[in-house]
2 protein chains.
Amino acid sequence: MSDQLKLDTFICFAVYTAGHAFNRVYKPLLDELGLTYPQYLAMVCLWEEDGQTVGGLGEKLFLESSTLTPLLKRLETAGYIRRERSSKDERVVLLRLTEEGKRLQERAETVPGCIIDASGRDTDQLARLQAEIVALREALNRSASSS
Amino acid sequence: MSDQLKLDTFICFAVYTAGHAFNRVYKPLLDELGLTYPQYLAMVCLWEEDGQTVGGLGEKLFLESSTLTPLLKRLETAGYIRRERSSKDERVVLLRLTEEGKRLQERAETVPGCIIDASGRDTDQLARLQAEIVALREALNRSASSS
DNA sequence: GTCATTTATATCGCACACGACTGATTATCG
DNA sequence: CGATAATCAGTCGTGTGCGATATAAATGAC
């Protein structure tokens with residue numbers, strides 16, 4: 001072990017701390033919208049497709065219902081979504097944007113640009129790095145599910 | 001917006017979900033050691049340098065004392081470390097590995113190899129990707145601290 | 001059609017993670 | 001030297017995250 005700390009060579013640690021760093025950059029931007037970072041991700045997902053189920057959202061965000069249910073209740077309390085049981089299948093809860101939730105999308109439009117600026121990289125570099133990280137994630141998920 | 005979900009192009013989301021994926025791979029390995037993933041990172045840091053302060057550890061892990069203090073108390077309860085006030089500066093708490101904590105390092109030696117295997121990448125690829133993610137983290141941290 | 005199984009969401013307990021604040025100690029400056 | 005500021009760890013409140021479990025509804029086997 002040289003003078004370089006071993007921890008600083010762990011890719012998992014780089015990913016872990018980069019996640020925290022993203023959070024710190026997002027925080028002041030999302031505070032304006034009254035959202036936390038995971039809540040923002042859920043809203044982005046619903047802006048893309050309204051009327052999703054809890055399970056469907058969980059698959060896209062890689063989150064369990066035990067994480068999503070309280071988060072979605074907070075979004076409902078905040079007035080951004082409604083949660084209603086499906087009449088076709090009473091087990092299913094459908095997530096619908098309120099008018100206020102839809103309006104929030106416009107206020108959130110400037111956020112991605114701020115993040116790109118903060119990254120200090122151009123969109124090509126980011127897209128390439130993003131693809132590599134996704135590929136790594138997929139490999140890890142395959143490994144975790146097979147063991 | 002094409003058929004590709006916008007969320008799936010966010011690099012922050014890739015990092016966020018890759019972090020979760022790492023956690024899932026680590027979980028069964030760390031369960032054997034009686035550690036959580038953040039506890040493991042703290043132990044790695046202490047194996048590299050015994051006798052660090054809470055603040056020093058926090059700088060390396062990018063964590064606040066409000067996160068570390070409860071985590072370190074759990075490591076102390078588990079018998080892996082001792083927490084003792086410095087006699088030179090009574091404000092400071094020094095973290096020292098117990099004999100059991102030192103022995104744990106040997107049992108943890110197989111962990112990094114398992115993670116590399118699960119990533120499906122060779123060490124050169126990982127080192128390159130790791131460096132890119134660290135550079136991104138540094139850019140984000142600079143941006144967050146300047147604003 | 002009834003019972004067992006599966007599915008979808010929710011609940012609970014535990015462990016992060018951070019911001020705001022507190023208390024104790026040390027450093028600094030007039 | 002003494003008031004003030006800075007530093008360090010800890011506490012508290014809020015919000016994730018997950019595993020284990022619960023509950024209700026739908027499905028399947030017979």
Side-chain angles (χ1 to χ4, degrees), chain A residues 13 16-28 30-31 33-43 52-59 61-78 81 83-95 141 144-145, chain B residues 13 16-28 30-31 34-43 52-59 61-78 81-95 141 144-145:
Chain A
F13 181 63
Y16 169 79
T17 52
H20 294 166
F22 269 117
N23 237 304
R24 277 190 285 276
V25 174
Y26 267 109
K27 179 122 200 346
L30 297 182
D31 278 351
L33 307 177
L35 293 174
T36 65
Y37 178 63
Q39 288 169 8
Y40 169 71
L41 294 178
M43 290 300 291
Q52 294 187 68
T53 67
V54 173
L57 196 64
E59 266 186 50
L61 297 175
F62 299 88
L63 294 175
E64 304 298 320
S65 72
S66 50
T67 301
L68 274 179
T69 297
L71 184 153
L72 294 168
K73 283 184 176 178
R74 285 179 205 111
L75 286 178
E76 187 174 41
T77 302
I81 65 169
R83 297 159 59 247
E84 42 191 50
R85 291 272 163 191
S86 163
S87 54
K88 297 206 202 314
D89 184 341
E90 288 282 342
R91 293 172 304 180
V92 168
V93 168
L94 297 173
L95 307 168
N141 280 339
S145 62
Chain B
F13 181 63
Y16 170 78
T17 54
H20 294 167
F22 269 117
N23 237 305
R24 277 190 284 276
V25 175
Y26 267 109
K27 179 117 195 1
L30 297 183
D31 279 350
L35 293 175
T36 65
Y37 178 62
Q39 286 169 11
Y40 168 71
L41 294 178
M43 290 302 291
Q52 294 187 70
T53 67
V54 173
L57 196 64
E59 265 186 50
L61 298 176
F62 299 89
L63 294 175
E64 304 297 320
S65 73
S66 50
T67 301
L68 275 179
T69 297
L71 184 153
L72 294 168
K73 283 184 177 178
R74 284 177 209 113
L75 286 178
E76 186 174 41
T77 302
I81 65 169
R82 286 195 317 276
R83 298 159 58 247
E84 44 193 48
R85 292 271 163 194
S86 164
S87 54
K88 295 208 203 312
D89 184 343
E90 289 282 343
R91 293 171 302 181
V92 168
V93 167
L94 297 173
L95 308 168
N141 279 339
S145 62

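So that the names make sense, note that chain A is the first sequence line, chain B the second, and so on, each numbered from 1.
- In plain terms, the two heavy atoms of B:Ala42 and B:Leu61 that are nearest each other are CA-CD1, 3.9 Å.
- Distance, A:Tyr16 OH to D:dG17 P: 12 Å, rounded to whole Å.
- If A:Lys88 and A:Leu71 are placed on DNA chain D by their nearest nucleotide, the residue sitting closer to the 5' end is A:Leu71.
- As a whole-Å value, the separation of A:His20 NE2 from C:dG19 P is 11 Å.
- Between B:Arg74 and C:dC16 there is a side-chain N or O to OP1 or OP2 distance below 4.0 Å.
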request  = Show the numbers, then the answer: is there a side chain to side chain contact (heavy atoms under 4.5 Å, CB included) between B:Thr36 and B:Lys27?
outcome  = CA-CA 7 Å; B:Thr36 65; B:Lys27 179 117 195 1; over 6 Å; no

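- Rounding to whole angstrom units, CG of residue A:Leu63 and C1' of C:dC16 are separated by 15 Å.
- Note on A:Gln39: every side-chain N or O is 4.0 Å or more away from OP1 and OP2 of D:dG15.
- Among the atoms of the strands shown, base atoms are found under 4.0 Å from some heavy atom of B:Thr67.
- In this structure, the NZ atom of A:Lys27 is 11 Å from the C1' atom of C:dA20, given to the nearest Å.
- One atom, CG of A:Leu41, and another, P of D:dG15, lie 17 Å apart when rounded to the nearest Å.
- Heavy-atom neighbours of B:Glu59 CD from other residues, nucleotides or ligands within 6.0 Å: at or below the threshold of 12.
- Ion pairing between B:Arg83 and B:Glu76 holds under the 4.0 Å rule for side-chain N and carboxylate O.
- Going from atom CG of A:Asn23 over to atom P of D:dT14 covers 19 Å, rounded to whole Å.
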key: Pair A:Val54-A:Leu57, side chain to side chain contact (heavy atoms under 4.5 Å, CB included): steps then yes or no   = CA-CA 5 Å; A:Val54 173; A:Leu57 196 64; 5.9 Å; no

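- Two rings, from B:Tyr16 and A:Tyr37, have their centers less than 6.0 Å apart.
- Distances shown here put every side-chain N or O of A:Tyr37 at or beyond 4.0 Å from the OP1 or OP2 atom of C:dC18.
- Separating the CG atom of A:Leu57 from the P atom of C:dA10 is a distance of 12 Å, rounded to the nearest angstrom.
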request  = Report, as a single string ordered 5' to 3', how protein heavy atoms within less than 4.0 Å touch nucleotides 5-10 of chain D: B base, S sugar-phosphate only, - not at all.
outcome  = --BSBB

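- Rounded to an integer number of Å, the gap from A:Glu64 CD to D:dG15 P is 21 Å.
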Sequence neighbours excluded and cut-off under 3.5 Å, please list the side-chain donor-acceptor pairs for residues 66-74 of chain B, or say none.
from: B:Thr69; atom 1: OG1; to: B:Ser65; atom 2: O; distance (Å): 3.0

